[in-house]
Colleague: 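The structure follows.
For the numbers below, each heavy atom of this structure counts, side chains included, while hydrogens, waters and symmetry mates do not. Note on naming: letters A, B, ... go to the chains in the order of the sequence lines (proteins, then strands), and numbering restarts at 1 for each one.
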There are 2 protein chains.
Amino acid sequence: MFSKACKYAIKALIYIASRSNDATRISLRDIAAKIDSPEHFTAKIMQVLSKQGIVSSIKGPNGGFYIENDAPPIKLLDVVRAIDGVQHLSGCGLGLKECSAHQPCPIHNEFSEIRGQMLTMLRENTIQQLAAELSAGHAVLKH
Amino acid sequence: MFSKACKYAIKALIYIASRSNDATRISLRDIAAKIDSPEHFTAKIMQVLSKQGIVSSIKGPNGGFYIENDAPPIKLLDVVRAIDGVQHLSGCGLGLKECSAHQPCPIHNEFSEIRGQMLTMLRENTIQQLAAELSAGHAVLKH
DNA sequence: ATAAATAAAGACAAAAATATCTTATATTAT
DNA sequence: ATAATATAAGATATTTTTGTCTTTATTTAT
Ligand code: FES
Ligand code: FES
(Lines give C-alpha, C1' and ligand atoms only; values in the text may rest on other atoms or scores of the structure.)
(Ligands and ions follow the chains in the order given, each with its own letter.)
Protein backbone atom coordinates (compact mmCIF):
# COMPACT_ATOMS: atom_id res chain seq x y z
CA MET A 1 0.00 0.00 0.00
CA PHE A 2 2.65 2.45 1.13
CA SER A 3 6.38 1.96 0.68
CA LYS A 4 8.47 1.05 3.69
CA ALA A 5 10.06 4.47 3.50
CA CYS A 6 6.65 6.03 3.80
CA LYS A 7 5.68 3.84 6.73
CA TYR A 8 8.88 4.77 8.53
CA ALA A 9 8.19 8.44 7.82
CA ILE A 10 4.71 8.30 9.30
CA LYS A 11 5.81 6.38 12.34
CA ALA A 12 8.79 8.67 12.93
CA LEU A 13 6.64 11.78 12.72
CA ILE A 14 4.02 10.37 15.05
CA TYR A 15 6.69 9.52 17.56
CA ILE A 16 8.30 12.95 17.29
CA ALA A 17 4.95 14.67 17.62
CA SER A 18 4.10 12.59 20.65
CA ARG A 19 7.11 14.06 22.42
CA SER A 20 7.26 17.55 20.99
CA ASN A 21 5.06 19.27 23.53
CA ASP A 22 8.07 19.70 25.78
CA ALA A 23 10.32 21.37 23.23
CA THR A 24 12.76 18.46 23.32
CA ARG A 25 14.66 17.41 20.23
CA ILE A 26 14.43 13.74 19.32
CA SER A 27 17.62 12.16 18.10
CA LEU A 28 17.78 9.97 15.06
CA ARG A 29 18.99 7.07 17.14
CA ASP A 30 16.05 7.37 19.46
CA ILE A 31 13.60 7.54 16.58
CA ALA A 32 15.01 4.46 14.88
CA ALA A 33 14.90 2.54 18.14
CA LYS A 34 11.35 3.51 18.96
CA ILE A 35 9.89 2.75 15.54
CA ASP A 36 12.18 -0.22 14.83
CA SER A 37 13.70 1.07 11.60
CA PRO A 38 17.21 1.02 10.11
CA GLU A 39 18.91 4.12 11.42
CA HIS A 40 20.64 5.40 8.29
CA PHE A 41 17.74 4.65 6.04
CA THR A 42 15.57 6.59 8.42
CA ALA A 43 18.07 9.44 8.29
CA LYS A 44 17.54 9.82 4.57
CA ILE A 45 13.82 9.87 4.98
CA MET A 46 14.06 12.49 7.69
CA GLN A 47 16.21 14.62 5.42
CA VAL A 48 13.49 14.60 2.80
CA LEU A 49 10.87 15.52 5.38
CA SER A 50 13.16 18.22 6.69
CA LYS A 51 13.77 19.73 3.27
CA GLN A 52 10.05 19.79 2.60
CA GLY A 53 9.52 21.68 5.82
CA ILE A 54 7.44 18.91 7.37
CA VAL A 55 9.79 18.53 10.31
CA SER A 56 12.40 20.80 11.90
CA SER A 57 15.87 19.81 12.99
CA ILE A 58 18.81 21.18 14.90
CA LYS A 59 22.37 19.89 14.72
CA GLY A 60 24.86 19.37 17.47
CA PRO A 61 24.63 18.01 20.97
CA ASN A 62 21.07 18.01 22.26
CA GLY A 63 20.09 18.42 18.65
CA GLY A 64 17.57 16.32 16.82
CA PHE A 65 14.20 16.52 15.19
CA TYR A 66 11.12 18.27 16.48
CA ILE A 67 7.79 19.68 15.45
CA GLU A 68 6.94 23.23 16.44
CA ASN A 69 4.19 23.40 18.99
CA ASP A 70 2.30 25.98 16.99
CA ALA A 71 3.01 24.27 13.68
CA PRO A 72 -0.04 23.64 11.50
CA PRO A 73 -1.35 20.10 11.64
CA ILE A 74 0.52 17.69 9.38
CA LYS A 75 -1.88 15.70 7.26
CA LEU A 76 -0.97 12.10 6.54
CA LEU A 77 -1.45 13.03 2.93
CA ASP A 78 1.39 15.54 3.15
CA VAL A 79 3.72 12.78 4.28
CA VAL A 80 2.63 10.25 1.67
CA ARG A 81 2.95 12.87 -1.01
CA ALA A 82 6.44 13.83 0.14
CA ILE A 83 7.77 10.27 0.23
CA ASP A 84 5.80 8.16 -2.22
CA GLY A 85 4.72 10.92 -4.55
CA VAL A 86 1.30 11.94 -5.70
CA GLN A 87 1.11 9.49 -8.59
CA HIS A 88 0.88 6.77 -5.97
CA LEU A 89 -2.53 8.10 -4.99
CA SER A 90 -4.00 9.20 -8.27
CA GLY A 91 -2.81 6.58 -10.74
CA CYS A 92 -4.94 3.90 -12.35
CA GLY A 93 -5.36 0.76 -10.29
CA LEU A 94 -4.44 -1.37 -13.29
CA GLY A 95 -1.53 0.78 -14.39
CA LEU A 96 -3.04 2.62 -17.34
CA LYS A 97 -1.08 5.72 -18.25
CA GLU A 98 -3.70 7.89 -16.65
CA CYS A 99 -6.83 7.30 -14.68
CA SER A 100 -9.82 8.93 -16.26
CA ALA A 101 -13.54 8.32 -16.38
CA HIS A 102 -13.32 9.04 -20.10
CA GLN A 103 -11.18 6.02 -20.95
CA PRO A 104 -11.49 3.96 -17.80
CA CYS A 105 -10.00 0.60 -17.01
CA PRO A 106 -12.46 -2.16 -16.10
CA ILE A 107 -12.18 -1.56 -12.36
CA HIS A 108 -12.12 2.23 -12.51
CA ASN A 109 -15.45 2.83 -10.81
CA GLU A 110 -14.87 0.47 -7.92
CA PHE A 111 -11.22 1.30 -7.50
CA SER A 112 -11.46 5.05 -7.68
CA GLU A 113 -14.15 5.06 -5.03
CA ILE A 114 -11.93 3.24 -2.56
CA ARG A 115 -8.97 5.34 -3.53
CA GLY A 116 -11.06 8.40 -2.83
CA GLN A 117 -11.88 7.11 0.62
CA MET A 118 -8.21 6.50 1.21
CA LEU A 119 -7.43 10.07 0.14
CA THR A 120 -10.11 11.42 2.44
CA MET A 121 -8.71 9.41 5.30
CA LEU A 122 -5.22 10.71 4.61
CA ARG A 123 -6.52 14.26 4.48
CA GLU A 124 -8.58 14.05 7.64
CA ASN A 125 -6.03 12.39 9.86
CA THR A 126 -3.09 14.37 11.14
CA ILE A 127 0.17 13.34 12.69
CA GLN A 128 -0.72 15.33 15.78
CA GLN A 129 -4.03 13.54 16.29
CA LEU A 130 -2.42 10.15 15.87
CA ALA A 131 0.36 11.16 18.24
CA ALA A 132 -2.29 11.80 20.85
CA GLU A 133 -3.55 8.25 20.35
CA LEU A 134 -0.05 7.02 20.90
CA SER A 135 0.46 9.14 24.00
CA ALA A 136 -2.84 7.94 25.43
CA GLY A 137 -1.57 4.41 25.14
CA HIS A 138 -4.22 3.47 22.63
CA ALA A 139 -1.72 2.49 19.99
CA VAL A 140 1.86 1.33 19.50
CA LEU A 141 4.57 1.93 16.89
CA LYS A 142 6.33 -1.40 17.17
CA HIS A 143 5.76 -4.91 18.49
CA MET B 1 -1.38 -0.63 -4.52
CA PHE B 2 -0.91 -3.80 -6.52
CA SER B 3 2.38 -4.94 -8.01
CA LYS B 4 2.89 -4.61 -11.72
CA ALA B 5 2.81 -8.37 -11.99
CA CYS B 6 -0.61 -8.37 -10.39
CA LYS B 7 -1.88 -5.63 -12.69
CA TYR B 8 -0.69 -7.57 -15.71
CA ALA B 9 -2.36 -10.70 -14.36
CA ILE B 10 -5.72 -9.00 -13.91
CA LYS B 11 -5.59 -7.34 -17.31
CA ALA B 12 -4.52 -10.55 -19.02
CA LEU B 13 -7.32 -12.54 -17.44
CA ILE B 14 -9.92 -9.92 -18.29
CA TYR B 15 -8.75 -9.94 -21.89
CA ILE B 16 -8.79 -13.73 -22.07
CA ALA B 17 -12.23 -13.91 -20.50
CA SER B 18 -13.54 -11.32 -22.93
CA ARG B 19 -12.67 -13.67 -25.78
CA SER B 20 -13.28 -17.04 -24.23
CA ASN B 21 -16.91 -17.42 -25.13
CA ASP B 22 -15.90 -18.76 -28.52
CA ALA B 23 -13.56 -21.49 -27.24
CA THR B 24 -10.56 -19.82 -28.84
CA ARG B 25 -7.16 -20.00 -27.26
CA ILE B 26 -5.37 -16.70 -26.78
CA SER B 27 -1.67 -16.70 -27.47
CA LEU B 28 0.82 -15.10 -25.16
CA ARG B 29 1.91 -12.72 -27.88
CA ASP B 30 -1.64 -11.56 -28.40
CA ILE B 31 -2.16 -11.04 -24.68
CA ALA B 32 1.00 -9.03 -24.28
CA ALA B 33 0.09 -6.87 -27.24
CA LYS B 34 -3.44 -6.20 -26.07
CA ILE B 35 -2.57 -5.33 -22.48
CA ASP B 36 0.74 -3.64 -23.34
CA SER B 37 2.98 -5.80 -21.17
CA PRO B 38 6.44 -7.33 -21.61
CA GLU B 39 5.86 -10.69 -23.26
CA HIS B 40 8.20 -12.93 -21.27
CA PHE B 41 7.40 -11.34 -17.96
CA THR B 42 3.77 -11.93 -18.72
CA ALA B 43 4.61 -15.54 -19.55
CA LYS B 44 5.87 -16.12 -16.04
CA ILE B 45 2.78 -14.62 -14.53
CA MET B 46 0.57 -16.78 -16.72
CA GLN B 47 2.46 -19.85 -15.59
CA VAL B 48 1.68 -19.03 -11.98
CA LEU B 49 -1.97 -18.50 -12.79
CA SER B 50 -1.97 -21.73 -14.75
CA LYS B 51 -0.42 -23.74 -11.95
CA GLN B 52 -2.96 -22.34 -9.51
CA GLY B 53 -5.73 -23.47 -11.81
CA ILE B 54 -6.95 -19.95 -12.44
CA VAL B 55 -6.45 -20.20 -16.18
CA SER B 56 -6.15 -23.13 -18.58
CA SER B 57 -3.62 -23.54 -21.35
CA ILE B 58 -2.83 -25.72 -24.30
CA LYS B 59 0.49 -25.97 -26.09
CA GLY B 60 1.22 -26.18 -29.77
CA PRO B 61 -0.17 -24.44 -32.83
CA ASN B 62 -3.53 -22.86 -32.13
CA GLY B 63 -2.64 -23.28 -28.50
CA GLY B 64 -2.79 -20.60 -25.89
CA PHE B 65 -4.65 -19.59 -22.78
CA TYR B 66 -8.36 -19.78 -22.15
CA ILE B 67 -11.00 -19.85 -19.46
CA GLU B 68 -13.58 -22.62 -19.52
CA ASN B 69 -17.01 -21.38 -20.33
CA ASP B 70 -18.52 -23.19 -17.38
CA ALA B 71 -15.64 -22.30 -15.08
CA PRO B 72 -16.66 -20.75 -11.77
CA PRO B 73 -16.31 -16.99 -11.62
CA ILE B 74 -12.79 -15.81 -10.86
CA LYS B 75 -12.78 -13.28 -8.07
CA LEU B 76 -10.28 -10.47 -8.32
CA LEU B 77 -9.24 -11.53 -4.84
CA ASP B 78 -8.18 -14.93 -6.18
CA VAL B 79 -5.81 -13.24 -8.59
CA VAL B 80 -4.34 -10.81 -6.10
CA ARG B 81 -3.83 -13.63 -3.64
CA ALA B 82 -2.12 -15.78 -6.27
CA ILE B 83 0.31 -13.10 -7.40
CA ASP B 84 0.86 -10.66 -4.54
CA GLY B 85 0.05 -13.01 -1.69
CA VAL B 86 -2.42 -12.67 1.11
CA GLN B 87 -0.15 -10.67 3.42
CA HIS B 88 -0.52 -7.82 0.96
CA LEU B 89 -4.16 -7.53 1.98
CA SER B 90 -4.11 -8.29 5.66
CA GLY B 91 -0.93 -6.68 6.91
CA CYS B 92 -0.69 -3.56 9.03
CA GLY B 93 -0.76 -0.30 7.11
CA LEU B 94 2.29 0.93 8.99
CA GLY B 95 4.21 -2.33 8.75
CA LEU B 96 3.77 -3.72 12.26
CA LYS B 97 4.49 -7.43 12.43
CA GLU B 98 0.80 -8.15 12.58
CA CYS B 99 -2.35 -6.13 12.37
CA SER B 100 -4.54 -6.58 15.40
CA ALA B 101 -7.08 -4.54 17.29
CA HIS B 102 -5.36 -5.69 20.44
CA GLN B 103 -2.08 -3.91 19.78
CA PRO B 104 -3.05 -1.57 16.97
CA CYS B 105 -0.93 0.98 15.18
CA PRO B 106 -2.17 4.58 15.29
CA ILE B 107 -4.04 4.34 12.00
CA HIS B 108 -5.44 0.86 12.54
CA ASN B 109 -9.09 1.84 12.78
CA GLU B 110 -9.12 4.08 9.75
CA PHE B 111 -6.85 1.89 7.68
CA SER B 112 -8.47 -1.44 8.37
CA GLU B 113 -11.85 -0.06 7.42
CA ILE B 114 -10.64 0.97 3.99
CA ARG B 115 -8.71 -2.25 3.61
CA GLY B 116 -11.91 -4.11 4.36
CA GLN B 117 -13.72 -2.21 1.65
CA MET B 118 -10.95 -3.08 -0.74
CA LEU B 119 -11.26 -6.75 0.18
CA THR B 120 -15.00 -6.63 -0.31
CA MET B 121 -14.53 -5.05 -3.69
CA LEU B 122 -12.02 -7.71 -4.69
CA ARG B 123 -14.40 -10.42 -3.53
CA GLU B 124 -17.45 -9.03 -5.25
CA ASN B 125 -15.93 -8.30 -8.63
CA THR B 126 -15.11 -11.14 -10.97
CA ILE B 127 -12.93 -11.34 -14.03
CA GLN B 128 -15.95 -12.42 -16.04
CA GLN B 129 -18.03 -9.42 -15.03
CA LEU B 130 -15.21 -7.04 -15.85
CA ALA B 131 -14.63 -8.80 -19.15
CA ALA B 132 -18.23 -8.02 -20.02
CA GLU B 133 -17.52 -4.34 -19.36
CA LEU B 134 -14.59 -4.57 -21.72
CA SER B 135 -16.60 -6.35 -24.41
CA ALA B 136 -19.34 -3.77 -24.14
CA GLY B 137 -16.79 -1.09 -24.90
CA HIS B 138 -17.23 0.54 -21.54
CA ALA B 139 -13.59 0.10 -20.60
CA VAL B 140 -10.13 -0.34 -22.07
CA LEU B 141 -7.01 -2.28 -21.10
CA LYS B 142 -4.45 0.08 -22.59
CA HIS B 143 -4.11 3.63 -23.86
C1' DA C 1 7.96 -37.88 -40.28
C1' DT C 2 8.62 -33.02 -40.48
C1' DA C 3 8.02 -28.40 -39.69
C1' DA C 4 5.80 -24.76 -37.41
C1' DA C 5 3.65 -22.75 -33.48
C1' DT C 6 3.23 -22.36 -28.83
C1' DA C 7 3.55 -22.78 -23.65
C1' DA C 8 7.02 -23.92 -20.09
C1' DA C 9 11.20 -23.42 -17.84
C1' DG C 10 15.22 -21.40 -16.46
C1' DA C 11 19.28 -18.42 -16.87
C1' DC C 12 20.49 -13.86 -16.97
C1' DA C 13 20.17 -8.64 -16.76
C1' DA C 14 18.47 -4.20 -15.44
C1' DA C 15 16.13 -1.24 -12.39
C1' DA C 16 14.16 0.10 -8.14
C1' DA C 17 13.71 -0.23 -3.29
C1' DT C 18 15.83 -1.00 0.90
C1' DA C 19 19.72 -1.06 3.91
C1' DT C 20 24.53 -0.11 5.46
C1' DC C 21 28.75 2.37 5.86
C1' DT C 22 31.74 6.39 5.67
C1' DT C 23 32.75 11.14 5.65
C1' DA C 24 31.65 15.98 6.17
C1' DT C 25 29.57 19.73 8.54
C1' DA C 26 27.34 22.26 12.08
C1' DT C 27 26.45 23.09 16.96
C1' DT C 28 26.84 22.90 21.82
C1' DA C 29 29.14 22.11 26.19
C1' DT C 30 33.28 22.22 28.50
C1' DA D 1 39.97 26.07 21.27
C1' DT D 2 38.62 21.39 21.83
C1' DA D 3 35.93 17.52 22.15
C1' DA D 4 31.59 15.44 21.79
C1' DT D 5 27.20 15.03 19.62
C1' DA D 6 24.18 14.95 16.00
C1' DT D 7 22.37 16.04 11.36
C1' DA D 8 23.62 16.02 6.38
C1' DA D 9 25.38 13.98 2.48
C1' DG D 10 27.03 10.60 -0.37
C1' DA D 11 29.12 6.13 -1.61
C1' DT D 12 28.34 1.33 -1.56
C1' DA D 13 25.83 -3.06 -0.85
C1' DT D 14 21.90 -6.03 -0.71
C1' DT D 15 17.37 -7.43 -1.88
C1' DT D 16 13.29 -7.34 -4.51
C1' DT D 17 10.92 -6.41 -8.57
C1' DT D 18 10.73 -6.13 -13.25
C1' DG D 19 12.29 -7.30 -17.69
C1' DT D 20 14.97 -10.02 -21.38
C1' DC D 21 16.95 -13.92 -23.61
C1' DT D 22 17.62 -18.82 -24.61
C1' DT D 23 16.38 -23.45 -24.55
C1' DT D 24 13.12 -27.23 -24.07
C1' DA D 25 8.90 -29.73 -24.53
C1' DT D 26 4.43 -30.28 -26.48
C1' DT D 27 0.99 -30.16 -29.92
C1' DT D 28 -1.01 -29.42 -34.41
C1' DA D 29 -0.97 -29.15 -39.33
C1' DT D 30 1.05 -30.60 -43.43
S1 FES E 1 -8.66 4.14 -15.16
FE2 FES E 1 -8.03 2.51 -13.90
S3 FES E 1 -8.59 3.23 -11.96
FE4 FES E 1 -9.25 4.85 -13.20
S1 FES F 1 -2.27 -2.59 13.31
FE2 FES F 1 -1.74 -1.22 11.74
S3 FES F 1 -3.42 -1.43 10.42
FE4 FES F 1 -3.98 -2.79 12.01
Colleague: Output the rounded distance in Å from CD (Gln47(B)) to P (dA25(D)).
Modeller: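 Taking CD of Gln47(B) and P of dA25(D), I get 15 Å after rounding.
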
Colleague: From Phe2(A) CZ over to Met1(B) CE, what is the distance, rounded to the nearest 0.5 angstrom?
Modeller: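 Answer rounded to 0.5 Å: 7.5 Å.
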
Colleague: Which one, dT18(C), dA8(C), dA4(D), comes nearest to the side chain of Ser3(A)?
Modeller: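 It is dT18(C).
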
Colleague: Can a side chain N or O of Asn62(B) be found less than 4.0 Å away from OP1 or OP2 on dA29(D)?
Modeller: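 Checking dA29(D) against Asn62(B), a side-chain N or O does come within under 4.0 Å of OP1 or OP2.
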
Colleague: Whole-Å distance between dA7(C) C1' and Asp30(B) CG?
Modeller: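 For the pair Asp30(B) CG and dA7(C) C1', the rounded distance is 15 Å.
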
Colleague: Using a heavy-atom cut-off of under 4.0 Å over every strand shown, decide if Ile83(A) touches base, sugar-phosphate, or nothing.
Modeller: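 Nothing, no nucleic acid heavy atom in range.
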
Colleague: When the distance from NZ of Lys59(B) to C1' of dT6(C) is rounded to whole Å, what number comes out?
Modeller: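 Result: 9 Å.
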
Colleague: With a 4.5 Å heavy-atom cut-off, do Thr24(B) and Arg19(B) have their side chains touching?
Modeller: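 Yes - at least one pair of side-chain heavy atoms lies under 4.5 Å apart.
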
Colleague: If you check the Phe65(A) side chain, which of dT18(D), dA5(C), dT7(D) turns out closest?
Modeller: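 So the nucleotide nearest the side chain must be dT7(D).
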
Colleague: Classify the nucleic acid contact of Ile45(B) as base, sugar-phosphate or nothing, counting any heavy atom under 4.0 Å across all strands shown.
Modeller: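 Nothing, no heavy atom under 4.0 Å.
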
Colleague: Go through the steps for Leu122(B) and Lys75(B) under the test side-chain contact (heavy atoms from CB on, under 4.5 Å), then give the verdict.
Modeller: CA-CA 7 Å; Leu122(B) 293 176; Lys75(B) 296 172 192 164; over 6 Å; no

Colleague: Identify, between Gly63(B) and Ile58(A), the residue whose nearest nucleotide on DNA chain C lies closer to the 5' end.
Modeller: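 Its nearest nucleotide being more 5', the pick is Gly63(B).
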
Colleague: Could you please name the option among dT20(D), dT27(D), dT18(C) that lies closest to any side-chain atom of Phe41(B)?
Modeller: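 Selected nucleotide: dT20(D).
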
Colleague: Which nucleotide sits closest to the side chain of His40(B): dT18(C), dC21(D), dT25(C)?
Modeller: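 That would be dC21(D).
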
Colleague: Would you say a side-chain N or O of Ser57(B) is under 4.0 Å from OP1 or OP2 of dA8(C)?
Modeller: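 Affirmative; the distance criterion is met.
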
Colleague: Looking only at side-chain N and O atoms, does Tyr8(B) come under 4.0 Å of OP1 or OP2 in dG19(D)?
Modeller: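 Tyr8(B) to dG19(D) OP1/OP2: side-chain N or O found under 4.0 Å.
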
Colleague: If I take atom CD1 in residue Ile35(A) and atom P in nucleotide dT18(C), what distance separates them, rounded to the nearest angstrom?
Modeller: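 Roughly 14 Å, once rounded to whole Å.
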
Colleague: Compare side-chain N and O positions of Ser50(B) against OP1 and OP2 of dA7(C) and report whether any pair is under 4.0 Å apart.
Modeller: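 No, Ser50(B) has no side-chain N/O under 4.0 Å of OP1/OP2 on dA7(C).
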
Colleague: Distance check, rounded to the nearest 0.5 Å: Arg81(A) atom CZ versus His88(A) atom NE2?
Modeller: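 Interatomic distance, Arg81(A) CZ to His88(A) NE2, rounded to 0.5 Å: 13.0 Å.
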
Colleague: Round to the nearest Å and state the distance from Phe2(A) atom CZ to dT18(C) atom P.
Modeller: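 So the two atoms are 13 Å apart, to the nearest Å.
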
Colleague: Side chain of Lys44(B) only, please: which of dC12(C), dA7(C), dA9(C) is the nearest?
Modeller: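 Side chain of Lys44(B) sits closest to dC12(C).
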
Colleague: Just to be sure I understand the rule, does Lys51(B) reach a base, reach only the sugar-phosphate, or reach nothing, if contact means heavy atoms closer than 4.0 Å?
Modeller: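 Sugar-phosphate contact only.
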
Colleague: Asp84(B) CG to dT16(D) P: how many Å, rounded?
Modeller: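 Atom-to-atom, Asp84(B) to dT16(D), this comes out as 15 Å.
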
Colleague: Hey, are the side chains of His108(A) and Cys99(A) touching, using non-hydrogen atoms and a 4.5 Å cut-off?
Modeller: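 Result yes, sub-4.5 Å side-chain heavy-atom pair found.
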
Colleague: Of all the choices, dT27(C), dA8(D), dT20(C), which nucleotide is nearest to the side chain of Pro38(A) once you look at every atom?
Modeller: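 For the Pro38(A) side chain, the nearest candidate turns out to be dT20(C).
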
Colleague: Quick one: Leu28(A) CG to dA26(C) C1', roughly how many Å, whole number?
Modeller: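 Taking CG of Leu28(A) and C1' of dA26(C), I get 16 Å after rounding.
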
Colleague: Using heavy-atom distances to pick each residue's nearest nucleotide on DNA chain C, tell me which of Pro61(B) and Met46(B) is more 5'.
Modeller: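 That would be Pro61(B).
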
Colleague: Rounded to the nearest Å, what distance is computed from the CG atom of residue Asp36(A) to the P atom of nucleotide dT18(C)?
Modeller: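 One finds 16 Å between P of dT18(C) and CG of Asp36(A), rounded.
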
Colleague: Given dT18(D), dT27(C), dT6(C), identify the nucleotide with an atom nearest to the side chain of Lys4(B).
Modeller: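 Per side-chain heavy atoms of Lys4(B), the pick is dT18(D).
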
Colleague: Taking side chain as C-beta onward, heavy atoms only, is Leu141(B) less than 4.5 Å from Lys34(B)?
Modeller: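 A side-chain contact under 4.5 Å is absent here.
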
